[in-house]
There are 2 protein chains.
Amino acid sequence: MKNRKTREAIVSAADTLFYERGFEATSFADIAAAVEISRGNFYYHFKTKDEILSAVIAKRIEDRRAMLAKWGEALAPRDRILRFIEILITNQSKIMTFGCPVGTLATELSKLAHPAQPDANQIFSVFRDWLRLQFEELGCGGRSDDLAMHLLMRSQGIATLAAAYKDEAFIRREAADMTGWLQSQLDPSKASPRPSH
Amino acid sequence: MKNRKTREAIVSAADTLFYERGFEATSFADIAAAVEISRGNFYYHFKTKDEILSAVIAKRIEDRRAMLAKWGEALAPRDRILRFIEILITNQSKIMTFGCPVGTLATELSKLAHPAQPDANQIFSVFRDWLRLQFEELGCGGRSDDLAMHLLMRSQGIATLAAAYKDEAFIRREAADMTGWLQSQLDPSKASPRPSH
DNA sequence: TAATTAATAGGTCAAATGTCCTAATGCGTC
DNA sequence: GACGCATTAGGACATTTGACCTATTAATTA
């Protein structure tokens, strides 16, 4: 079926455009042009803009779940968390240009009081729940969710400032500090009070 | 002159609306309605939307400068930084609903590739420079700017997650953790590796 | 091959938006 | 009181947007 292929192309293009320009700033025509289809064809697949948004959010959730599942197969819990921190380095240039795809969408939908806001938060929760699980496996018990939120918080803060200042060194420095923080949490005895500063 | 009064009312209303709904999502009509003036009158004061944006950014910079100057008179450097952290608690409910006014504007303008983005970043820099100055006064020397960025980073991360999850306890917990971090930086000997977690 | 469904193209529509203009009104000065 | 400038009102306009419709083509099935 050509159906699925076109549909996926639309969702993929919308995903990119929503990330790079924002949800509101992206129009039907923009997406249709990116996929090189007519607006009519577009309407055949998605009746409303909210429908595309839902599809994009679903795709993002699925993509992240798949990524984390891959890490789960190959890495130990501690290394999985380190890999999470490394995303900041890996996606450096995109983050410096467009910020964090998860955070910026959640923020935008929050301001628009958009009904899909809870769905967008689910993308956050994919990471939150996964991180909590890693900390639990590492024996952090009841602190695990707090630690997960702390890591998420740092990622969001780093992404926001990185996008504002376009400062590579800042990202690297804070990623290293995050790693130091992680070690101090998992191995309190060896912790240094000044990890990298 | 009535001129200035109307102008200030417009900028003030635009400031609020840009914060609560975002820049793009706020229309001329929205602002005019909020001030209860006609669009024609509006156009007399501001010819383009970008002109209003500039005025709003200038106002935000001025407001923050004034706030920080006040703190400078009454508080010691250390307490000034603590007061900065307290903003998160003081503005809790607004932050949980609309995020950080500084970060969300900078992010939005960044995505729109808006020419005023550097101006919006100046609001960030008001805090960054001020925080750096406090750390310098506290004898942190060359680390001062990094420490300032670290505090900004945490504020942004907390605001983003607070807006997503609307979690008061999270804000309080992370604000306390930030305070602990501050103490560990200013007074390394007494530092505990697990401030609050 | 004929019939039916899936998919695409392109045009239309009302509403909203940023921008601009002109006419009217207030208001201080001579 | 009359003049001139500052301010305000409200409408006009082109463009864009999300949404919708119908006609046409491609694909599948009978």
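Every chain is numbered from 1, with letters handed out A, B, ... down the list of sequences.
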Between the protein and nucleotides 18-21 of chain C, which nitrogen or oxygen pairs are less than 3.5 angstrom apart?
{"residue": "C:dG18", "atom": "OP1", "partner": "B:K49", "partner atom": "NZ", "Å": "3.0"}
{"residue": "C:dG18", "atom": "OP2", "partner": "B:F28", "partner atom": "N", "Å": "2.9"}
{"residue": "C:dT19", "atom": "OP2", "partner": "B:K49", "partner atom": "N", "Å": "2.9"}
{"residue": "C:dC20", "atom": "OP2", "partner": "B:Y43", "partner atom": "OH", "Å": "3.3"}

Does a side chain donor of either B:D15 or B:S12 reach within less than 3.5 Å of an acceptor in the other side chain? no
Just the rounded figure in Å: distance from P of C:dT22 to OH of B:Y44. 17 Å
What is the separation between atom CD1 on B:I31 and atom C1' on C:dT17, rounded to the nearest whole Å? 12 Å
Tell me whether the guanidinium CZ or amine NZ of B:R60 lies under 6.0 angstrom from the six-membered ring centre of B:F18 and within 45° of its axis. no
Using a cut-off of less than 4.0 Å, is there contact between a side-chain N or O of A:H45 and OP1 or OP2 of C:dA6? no
Just the rounded figure in Å: distance from P of D:dA27 to CZ of A:R4. 18 Å
Which residue pairs pass the ring-ring contact (aromatic ring centres under 6.0 Å, His included) test with at least one member in residues 57-77 of chain B, sequence neighbours excluded? B:W71-B:W130
Check A:D79 with A:R83, please: is the shortest side-chain N to carboxylate O separation under 4.0 Å? no
Please state how far atom CD in A:E51 lies from atom P in D:dC20, giving the value in whole angstrom units. 10 Å
Whole angstroms only, please: what is the CZ-C1' distance between B:F42 and D:dT8? 14 Å
Any pair counted as ring-ring contact (aromatic ring centres under 6.0 Å, His included), so long as it reaches residues 89-108 of chain A, sequence neighbours left out: A:Y19-A:F98
So does B:N41 get a side-chain nitrogen or oxygen closer than 4.0 Å to the phosphate oxygens (OP1/OP2) of D:dA9? yes
Determine, step by step, whether B:R132 and B:D129 satisfy the salt bridge (Lys or Arg N to Asp or Glu O under 4.0 Å) criterion, reporting the C-alpha distance in whole Å, the side-chain angles of both residues, the deciding distance to 0.1 Å, and the verdict. CA-CA 5 Å; B:R132 196 197 59 234; B:D129 297 343; 3.5 Å; yes
I need the CD1-P distance between A:I10 and C:dA9, as an integer number of Å. 10 Å
How many whole angstroms separate atom CD1 of A:I37 from atom P of C:dA6? 18 Å
Looking at D:dT8, I'd like to know if its phosphate oxygens (OP1 or OP2) sit under 4.0 Å from a side-chain N or O belonging to B:T6. yes
